[in-house]
Amino acid sequence: MTYIAKPKFHHPGLKKNALGYTHRDYEGKISTLCAGCGHDSITASIIEACYGLSIEPHRVAKISGIGCSSKTPDYFLGNSHGFNSVHGRMPSVLTGANLANRDLIYLGVSGDGDSASIGFGQFAHSIRRGVNMTYIVENNGVYGLTKGQFSATADRGSKSKKGVTNTDNAIDLVAIALQLGATFVARSFSGDKTQLVPLIAAAIRHKGASFIDVISPCIAFNNHAGSTKSFDYVREHNDAVNRLDVLVGRDPIAVDYAPGTVQVVEQHDGSKIALRKIDADYDPHDRLGAQTFLARHAAKGQIVTGLLYVDPEADDLHEHLNTVETPLNALEADTLCPGSAVLDKINASLR
């Protein structure tokens, strides 16, 4: 993995937030993802949300798994805590960190491969346990790092760059999150910063399990089979001393449309997705209504975006387990290890 540090200098007149931080204080290293990748737009939205909330960067713990999406935490909040875990294991690492220190703000960043396949069980259990976190899935429906196979969120009937039709049913992470009891559920599009920034900000402020599924197009597989200019063709016919990838940059896709309307978005590979922004009179406090709403519009081939469900009175895992208010690293040694007499008392109560 390549890391490129950003220059530290910046314009002295940059606007500051309530804590005196500039936008640059929430940035990370320079992205090494493909130019025009939707993930970079999500990164920009996270930066914007944290800047707007005047969050102290050192109070944030950003945790990811494996994949293009899981590289992105390196590109934002460079002065926060970070942990790049094993493939699909982000939720359990985040849960453990959260239990050890409840004072931090937890951002879990994952992809559709990381969360809907190898990490599907971990995703489900972190949601149903009510871990206080903002869980963002950067969903492109494809395995970009392994050259474009269908991921578990690819819609049935969709076609790969080679024209292969997906015959598997798709996993809808939003529907699953609703079923498992997430208390903040949203879906957005990486190109809709107007919608995504406030959703991320609201999720961070929410107490409990917040989940945001962000549709994020992959631009790396616009080249098609049969082209002699495609990456695959050139590799097969090239006798090179090393192996390099050069991906042509594309402009990020951006849309801005009114609530209650449908916006058809053409992606870089020519395919189209239909986004439907929920109506202003939609009731986000009705979990069953949200599930029905999602299913009804999914049957029409529409991707519903916006805040789909929120429980403003939600609790979290700490309340379920009745844990101490103080982070473990701030407890005194005699509190953490009160002695064998206390242990004997606990054991006796369990007999």
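Positions are given from 1, in the same order as the sequence printed here.
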For [Y], does its backbone N or O pair with a side-chain atom of [X] as donor and acceptor, under 3.5 Å?
X    : Y    : result
N139 : V214 : no
S126 : F123 : yes
S210 : T134 : no
N101 : P327 : no
N132 : K207 : no
N79  : P57  : no
R89  : H87  : yes
Y106 : V131 : no
H81  : R59  : no
D213 : R187 : no

For atom [atom1] of [X], is the number of surrounding heavy atoms from other residues, nucleotides or ligands below 6.0 Å larger than 12?
X    : atom1 : result
R205 : CZ    : no
K300 : NZ    : yes
Q179 : CD    : no

Could you check whether any side-chain heavy atom of [X] comes within less than 4.5 Å of a side-chain heavy atom of [Y], counting everything from C-beta outward?
X    : Y    : value
H318 : L99  : yes
I127 : M133 : yes
F211 : V137 : yes

(message) Rounded at 0.5 Å granularity, tell me how far CG in L107 sits from CD1 in I204.
(response) 5.0 Å
(message) Taking transitive links into account, so neighbours of neighbours count too, which hydrophobic residues share a cluster with V164 at under 4.5 Å side-chain distance?
(response) F150
Should [X] and [Y] be regarded as members of a common hydrophobic cluster, given that ILVMFWY residues are connected when their side-chain heavy atoms come within less than 4.5 Å of each other, either directly or indirectly?
X    : Y    : result
F83  : V109 : no
L178 : L180 : yes
V174 : L196 : no
I42  : V60  : yes
I66  : V86  : no

Heavy-atom pair of closest approach, residues [X] and [Y]:
X    : Y    : value
G65  : N84  : O-ND2, 2.5 Å
L336 : L328 : CD1-O, 3.9 Å
I212 : L199 : CD1-O, 3.7 Å
S117 : A152 : OG-CB, 3.7 Å
L33  : C68  : CD2-O, 4.0 Å
A116 : I171 : O-CD1, 3.6 Å

Modelled atom types, side-chain donor and acceptor of [X] and [Y], under 3.5 Å:
X    : Y    : answer
H39  : S69  : no
S216 : N140 : no
T95  : R129 : no

(request) Return the orientation label for the H206 and F184 ring planes: parallel under 30°, perpendicular over 60°, tilted otherwise. (result) tilted
(request) Please work out whether the ring planes of Y26 and Y21 are parallel, tilted or perpendicular, with thresholds of 30° and 60°. (result) perpendicular
(request) Run through T43, T32, D40 and flag the one making a side-chain hydrogen bond (donor to acceptor under 3.5 Å, both in side chains) with Y75. (result) T32
(request) Verify side chain to side chain contact (heavy atoms under 4.5 Å, CB included) between Q291 and Y309, making sure each step is shown before the conclusion. (result) CA-CA 9 Å; Q291 292 173 308; Y309 176 75; over 6 Å; no
(request) Begin from the C-alpha positions of H285 and V310 and carry the test side chain to side chain contact (heavy atoms under 4.5 Å, CB included) through to its verdict. (result) CA-CA 6 Å; H285 303 109; V310 62; 3.9 Å; yes
(request) Would you check, one step at a time, whether the test side chain to side chain contact (heavy atoms under 4.5 Å, CB included) holds for F189 with I303? (result) CA-CA 9 Å; F189 176 57; I303 302 170; over 6 Å; no
